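Note that the coordinates shown come from a computational prediction; the quantities given were computed from them, not determined experimentally. If you read the sequence from its start, that first residue is 1, and numbering goes on from there.
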Amino acid sequence: MRRYDLSILLLAFVLVALGLTSVTTASWFVATEEYKDPLHFLKRQGFSVAVGLGLMILCARVPFQRMLDRAAWLYGASIAALLMVWMPGISHRANGATRWFGIGGITFQPAEMAKVAMLVCLAAWLRESKGRVNDIGVLFFAVAWLVPVLGLLMYQPDFGSTAIIFLLCSTMLILAGLRLDLLVGLGALGAALAAAAIAYEPYRVLRMLNFTDPCVDSADGGYQVCQSLVAMHNGGLLGTGLGNSQAKLLYLPEPHNDFIVAIVGEETGLWGIGLLMLTFGLFAWRGLRVAERVPDPYAAVMAGTLVTMIVGQACLNLGVAMSVLPPKGLVLPFISYGNSAMMMNLVGIGILLSISADVPAEETQGQTQGQTQGQTQGQTQGAV
């Protein structure tokens with residue numbers, strides 16, 4: 001029997017429940033207007049939760065070392081899935097980007113799968129190279145095999161997912177002990193590539209300019225951010241009440257997606273957003289606790305990076321909605337509507353649970369430390 005950290009599972013269930021509630025109240029007006037079914041988005045999100053829970057259970061039951069042994073298969077599956085977005089008959093295009101493929105009315109965004117898969121692949125590579133992360137050859141190949149994935153993402157185009165995967169892999173290398181000079185070099189490379197990507201597309205430049213003062217262009221580029229700020233201002237401390245948001249009445253486009261926290265803030269007020277942030281904070285604490293105590297160093301860096309993936313993206317989403325960060329299409333994990341993101345975030349929870357099962361029990365750890373100290377003291381006294 002494997003012993004899991006059930007607090008992580010409980011916090012994940014709380015976030016999923018909050019998300020289903022938020023999607024229901026944020027989307028009912030749009031769903032009624034467009035699909036004549038106020039529960040349209042809830043039903044689809046419920047399906048992704050059901051599939052995600054199944055994948056989570058599967059990942060939790062598989063030992064992490066066995067996942068690393070299958071890293072090459074995950075890499076190949078990620079490349080294949082990214083290529084499927086251009087396959088005739090299943091390719092799905094929206095908002096000028098080809099990032100999805102659809103089967104049976106359900107769309108899937110393979111970039112979400114690539115986030116988790118690349119982390120497993122990088123952990124496997126660190127294990128294969130025996131943790132020699134500061135070896136230039138090891139670091140070069142760690143970056144080199146990322147290039148096809150990031151290149152396919154940029155071709156879609158999906159700058160946000162490209163940047164997130166690059167940052168997550170960099171985080172894993174930092175946790176693995178990357179030297180400061182190499183970290184600075186890697187950061188400079190990432191910053192240069194990001195600047196070039198932003199300069200290449202005029203709409204990205206416009207987003208950066210609108211970030212400085214979104215309300216200057218409140219009718220166009222800064223519209224969503226301004227409406228988000230207005231919604232949270234209207235919510236005040238206690239909120240307008242669940243279901244009473246005005247922003248979701250087509251003032252805020254697609255309120256159930258990237259800016260869903262604005263609806264949460266309007267309906268539940270500052271205390272609702274505070275509760276959401278507290279839940280993510282508790283999840284970060286428990287996840288980092290697992291990373292601290294698991295004896296396998298590669299599992300430790302994986303656990304720490306998974307926590308960064310979920311909680312870091314939550315911080316980025318909240319920052320965009322509050323006009324603290326430049327706008328980018330990033331969902332709020334477990335809260336925003338999104339089939340692919342929900343499934344893959346639950347897969348991340350499953351991997352974290354699998355790693356937590358390798359953490360020694362408190363009493364076992366204490367007994368081991370006591371025995372070790374006793375043996376050390378006995379040897380010392382004997383030598384004296």
Answer yes or no: is there a side-chain heavy-atom contact under 4.5 Å between [X] and [Y]?
| X | Y | result |
| --- | --- | --- |
| Leu20 | Leu42 | yes |
| Cys315 | Phe280 | no |
| Ile355 | Tyr298 | no |
| Met302 | Thr305 | no |
| Leu332 | Leu276 | yes |
| Glu34 | His40 | no |
| Phe283 | Ile310 | yes |
| Leu122 | Leu173 | yes |

Nearest 0.5 angstrom please: [X] [atom1] to [Y] [atom2], how far?
| X | Y | atom1 | atom2 | answer |
| --- | --- | --- | --- | --- |
| Leu15 | Ile349 | CG | CD1 | 7.5 Å |
| Met309 | Leu352 | CE | CG | 9.5 Å |
| Ile164 | Leu153 | CD1 | CG | 11.5 Å |
| Cys169 | Leu150 | SG | CG | 7.5 Å |
| Thr171 | Phe166 | OG1 | CZ | 10.0 Å |
| Ile90 | Met84 | CD1 | CE | 3.5 Å |

Tell me every residue that passes side-chain contact (heavy atoms from CB on, under 4.5 Å) with [X], counting only those two or more places apart in sequence or in another chain.
| X | value |
| --- | --- |
| Ala124 | Leu68, Ala71 |
| Ala117 | Leu74, Ser78 |
| Leu238 | Trp271 |
| Ala231 | Ala247, Ala262, Glu266 |

Could you pull out the closest heavy-atom pair between [X] and [Y], with the gap in Å?
| X | Y | result |
| --- | --- | --- |
| Val85 | Pro110 | CG1-CG, 3.5 Å |
| Met344 | Val116 | O-CG2, 3.9 Å |
| Val23 | Ile335 | CG2-O, 3.4 Å |
| Trp28 | Gly243 | NE1-O, 4.3 Å |
| Met67 | Cys59 | CE-O, 3.0 Å |
| Ile79 | Pro148 | CD1-CB, 4.2 Å |

Between [X] and [Y], is there a shared hydrophobic cluster once you connect ILVMFWY residues whose side-chain heavy atoms come closer than 4.5 Å?
| X | Y | answer |
| --- | --- | --- |
| Leu9 | Leu278 | yes |
| Leu250 | Ile263 | yes |
| Leu58 | Phe13 | no |
| Leu119 | Leu346 | yes |
| Val225 | Tyr251 | yes |

message = Test: salt bridge (charged side-chain N to carboxylate O under 4.0 Å, His left out). Region: residues 4-28. Which pairs qualify, not counting sequence neighbours?
response =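 Listed by first then second residue: Asp5-Arg286.
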**Q.** Selection residues 112-126 - residue pairs positive for salt bridge (charged side-chain N to carboxylate O under 4.0 Å, His left out), sequence neighbours left out
**A.**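 Every salt bridge (charged side-chain N to carboxylate O under 4.0 Å, His left out) pair that includes a residue of residues 112-126, provided the two are not neighbours, is Glu112-Lys115.
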Within a radius of less than 6.0 Å around [atom1] of [X], do more than 12 heavy atoms belonging to other residues, nucleotides or ligands occur?
| X | atom1 | result |
| --- | --- | --- |
| Met154 | CE | yes |
| Gln65 | CD | yes |
| Trp73 | CH2 | no |

| request: Take Tyr75 and Met118 through the side chain to side chain contact (heavy atoms under 4.5 Å, CB included) test and state the conclusion after the steps. | output: CA-CA 7 Å; Tyr75 185 80; Met118 292 305 101; 3.5 Å; yes
Criterion side chain to side chain contact (heavy atoms under 4.5 Å, CB included) on Val49 and Met342, from CA distance to verdict
CA-CA 6 Å; Val49 168; Met342 178 63 78; 3.8 Å; yes
Any donor and acceptor pair, going by atom type alone, linking the side chain of [X] with main-chain N or O of [Y] inside 3.5 Å?
| X | Y | answer |
| --- | --- | --- |
| Ser48 | Gln45 | yes |
| Arg66 | Pro63 | no |
| Asn317 | Asp258 | yes |
| Thr32 | Asp37 | no |
| Ser228 | Gln224 | no |
| Ser354 | Val62 | yes |
| Arg99 | Pro157 | yes |
| Trp285 | Gly281 | no |

My understanding is that only one of Asn244, Thr240, Thr25 makes a side chain to side chain donor-acceptor pair (under 3.5 Å) with Glu267; could you say which?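 In the set Asn244, Thr240, Thr25, the residue that makes a side chain to side chain donor-acceptor pair (under 3.5 Å) with Glu267 is Thr25.
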Take Ile351 and Val120 through the side chain to side chain contact (heavy atoms under 4.5 Å, CB included) test and state the conclusion after the steps.
CA-CA 10 Å; Ile351 297 174; Val120 175; 4.2 Å; yes
Query raised in the report: Phe101: what forms a ring-ring contact (aromatic ring centres under 6.0 Å, His included) with it, not counting sequence neighbours?
Result: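 Per chain and number, Phe101 pairs via ring-ring contact (aromatic ring centres under 6.0 Å, His included) with Phe108.
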Can you list everything that forms a ring-ring contact (aromatic ring centres under 6.0 Å, His included) with Trp86? Sequence neighbours excluded, please.
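Counting only residues at least two positions away or on another chain, Trp86 forms a ring-ring contact (aromatic ring centres under 6.0 Å, His included) with Tyr155.
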*What pairs with Arg61 under side-chain hydrogen bond (donor to acceptor under 3.5 Å, both in side chains), at least two apart in sequence or on another chain?*
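Here no residue qualifies.
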query: Which residue pairs pass the ring pair (Phe, Tyr, Trp, His ring centres under 6.0 Å) test with at least one member in residues 301-347, sequence neighbours excluded?
result: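 Of all non-adjacent pairs touching residues 301-347, those that pass ring pair (Phe, Tyr, Trp, His ring centres under 6.0 Å) are Phe41-Tyr337, His256-Tyr337.
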Gln109 vs Asp158, side-chain hydrogen bond (donor to acceptor under 3.5 Å, both in side chains): CA-CA, chis, key distance, verdict
CA-CA 11 Å; Gln109 187 176 3; Asp158 189 350; 3.3 Å; yes
Sequence neighbours left out, cut at 3.5 Å: what donor-acceptor pairs do the side chains of residues 176-187 make with other protein atoms?
{"unit_1": "Arg179", "atom_1": "NE", "unit_2": "Asp181", "atom_2": "OD1", "d": "3.0"}
{"unit_1": "Arg179", "atom_1": "NH2", "unit_2": "Asp181", "atom_2": "OD2", "d": "3.1"}

For this session: Output the rest of the hydrophobic cluster of Leu193: all Ile, Leu, Val, Met, Phe, Trp and Tyr residues reachable through side-chain heavy-atom contacts under 4.5 Å, sorted by chain and number.
Result: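 Leu189, all in the cluster of Leu193.
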